[in-house]
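Have a look at the structure below before the remarks.
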Amino acid sequence: MNKNERFVITINRELGSGGRTVGRILAEKLGVPYYDKAIIKPLEEKFDMPIDQIERLKGNNRSWWEDIKRVLILGEEAANSSEYYDEEKNRLVTSEAVLKAEKEILYSIAIKESCVIAGRSAFFAMNGFPNHLNILIQASMEYRLNRVMEKQKLTEKEAKKVIKEVDETREEYLKNNAGTSRYDTRNYDLVIKMDGSKTEEEVANAILAFIG
């Protein structure tokens, strides 16, 4: 990646790894915008659905065709669910359509300015962008649990449940709609493990050194 030209750095991170903070610090050091939830409003407007319904849809492990069959077999009334079928507008909203919309929105941001984008399947969306760097930030379960428990004020049992649900949702979404795993290191230029005494600031500096 050439930081002297318009660029995009994507950061995919495990919940509780600190990757979001690393991305924010990195953007500040590079003097470029940081985007995390920037596409939520455009997605809500595009599908006329609240983001919680969109997120649940993304975690569905059925394909677009299976969604269609679900309505054909069960009928619209039985298939009525905020996750799959919009009864008021008489339509299906699929996770495939959400991924396509996410990719279009993220790409429209990237072609306007250099930036750092965290999550939101950005590493997949930016595959065709000419000057980008994909980073994965991970951590051990112990590290993640401690961080989620502290940040969200949860018990260990509650934190484990949250992490498990988020991990499964994100993985199913990419596997079913992008045909890849978020854990496949071939999707990234740099993989960082947060365990140890490393601070988010130190990791951001390490990424800057990697870029050169």
Side-chain angles (χ1 to χ4, degrees), residues 1-40 58 99 102-148 150-151 163-164 166-212:
M1 189 198 85
N2 184 353
K3 65 181 180 181
N4 296 317
E5 299 177 359
R6 188 169 64 245
F7 64 83
V8 175
I9 298 175
T10 74
I11 297 183
N12 195 4
R13 80 276 186 219
E14 291 182 310
L15 177 65
S17 68
R20 179 178 295 175
T21 303
V22 170
R24 188 177 297 111
I25 294 172
L26 180 62
E28 289 175 358
K29 290 179 177 292
L30 288 167
V32 301
Y34 169 78
Y35 294 107
D36 186 351
K37 299 181 178 181
I39 67 169
I40 287 180
K58 288 168 61 176
L99 181 65
E102 281 189 333
K103 186 171 183 178
E104 291 172 351
I105 293 166
L106 290 172
Y107 210 89
S108 68
I109 292 173
I111 61 176
K112 293 177 182 177
E113 59 186 350
S114 294
C115 58
V116 175
I117 303 175
R120 298 289 165 187
S121 312
F123 78 92
F124 175 75
M126 292 297 107
N127 276 342
F129 196 81
N131 190 30
H132 73 278
L133 180 74
N134 291 336
I135 300 171
L136 173 64
I137 296 181
Q138 297 180 301
S140 66
M141 183 55 70
E142 181 182 3
Y143 183 99
R144 299 171 68 194
L145 277 172
N146 289 334
R147 188 178 177 90
V148 171
E150 179 184 354
K151 293 286 186 181
I163 289 173
K164 182 175 183 292
V166 170
D167 282 353
E168 290 179 350
T169 296
R170 291 176 177 174
E171 179 67 357
E172 288 294 337
Y173 177 52
L174 282 170
K175 276 189 173 180
N176 293 325
N177 298 289
T180 188
S181 168
R182 63 196 295 259
Y183 302 107
D184 188 340
T185 56
R186 290 172 295 184
N187 290 317
Y188 309 98
D189 304 291
L190 182 63
V191 178
I192 298 174
K193 185 176 181 180
M194 290 294 295
D195 293 70
S197 58
K198 297 186 292 291
T199 66
E200 288 90 348
E201 177 104 16
E202 289 171 338
V203 172
N205 287 333
I207 295 172
L208 287 175
F210 177 81
I211 296 170

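Note that the numbering runs from 1 along the sequence shown for the chain.
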Quick one: does any side-chain atom of [X] pair with a main-chain N or O of [Y] as donor and acceptor, under 3.5 Å?
X      : Y      : result
Thr10  : Ile117 : no
Tyr34  : Arg20  : yes
Arg182 : Arg13  : yes
Asn134 : Asp189 : no

### Message
Listing request: all salt bridge (charged side-chain N to carboxylate O under 4.0 Å, His left out) pairs with a residue in residues 130-146, at least two apart in sequence or in separate chains.
### Response
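Qualifying pairs, neighbours excluded: Glu14-Arg144, Arg144-Asp167.
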### Residue pair Ala110 / Cys115: nearest heavy atoms and the distance that separates them
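Residues Ala110 and Cys115, closest heavy atoms: CA-SG, 4.5 Å.
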### Query
Looking only at heavy atoms, what is the nearest atom pair of Pro33 and Ser114, with distance?
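What the structure gives for the nearest pair is CD-O, 3.2 Å.
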When rounded to the nearest 0.5 angstrom, what is the spacing between [atom1] in [X] and [atom2] in [Y]?
X      : Y      : atom1 : atom2 : value
Ile192 : Lys198 : CD1   : NZ    : 8.5 Å
Ile207 : Glu202 : CD1   : CD    : 12.5 Å
Asn2   : Leu133 : CG    : CG    : 12.0 Å
Thr199 : Ile25  : OG1   : CD1   : 7.0 Å

Under the side-chain contact (heavy atoms from CB on, under 4.5 Å) test, which residues partner [X], sequence neighbours left out?
X      : value
Asn187 : Phe123, Thr180, Asp184
Lys151 : Arg147
Val191 : Leu136, Gln138, Thr185, Tyr188

Salt bridge (charged side-chain N to carboxylate O under 4.0 Å, His left out) partners for [X], two or more places apart:
X     : value
Arg24 : none
Lys3  : none
Lys29 : Glu201

### Task
Can you tell me which residue pairs pass the ring-ring contact (aromatic ring centres under 6.0 Å, His included) test with a partner in residues 191-212, sequence neighbours excluded?
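Qualifying pairs: none.
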### Message
Do Leu30 and Ile9 have side chains that approach each other closer than 4.5 Å (heavy atoms only, starting at C-beta)?
### Response
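Answer yes - side chains close enough.
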### Message
Is the shortest side-chain heavy-atom distance between Val32 and Val116 below 4.5 Å?
### Response
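Val32 vs Val116: side chains touch.
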Holding to side-chain hydrogen bond (donor to acceptor under 3.5 Å, both in side chains), I want the full list of residues that pass it with [X], two or more places apart in sequence or in another chain.
X      : result
Tyr143 : none
Asn131 : none
Glu171 : Ser181
Glu150 : none

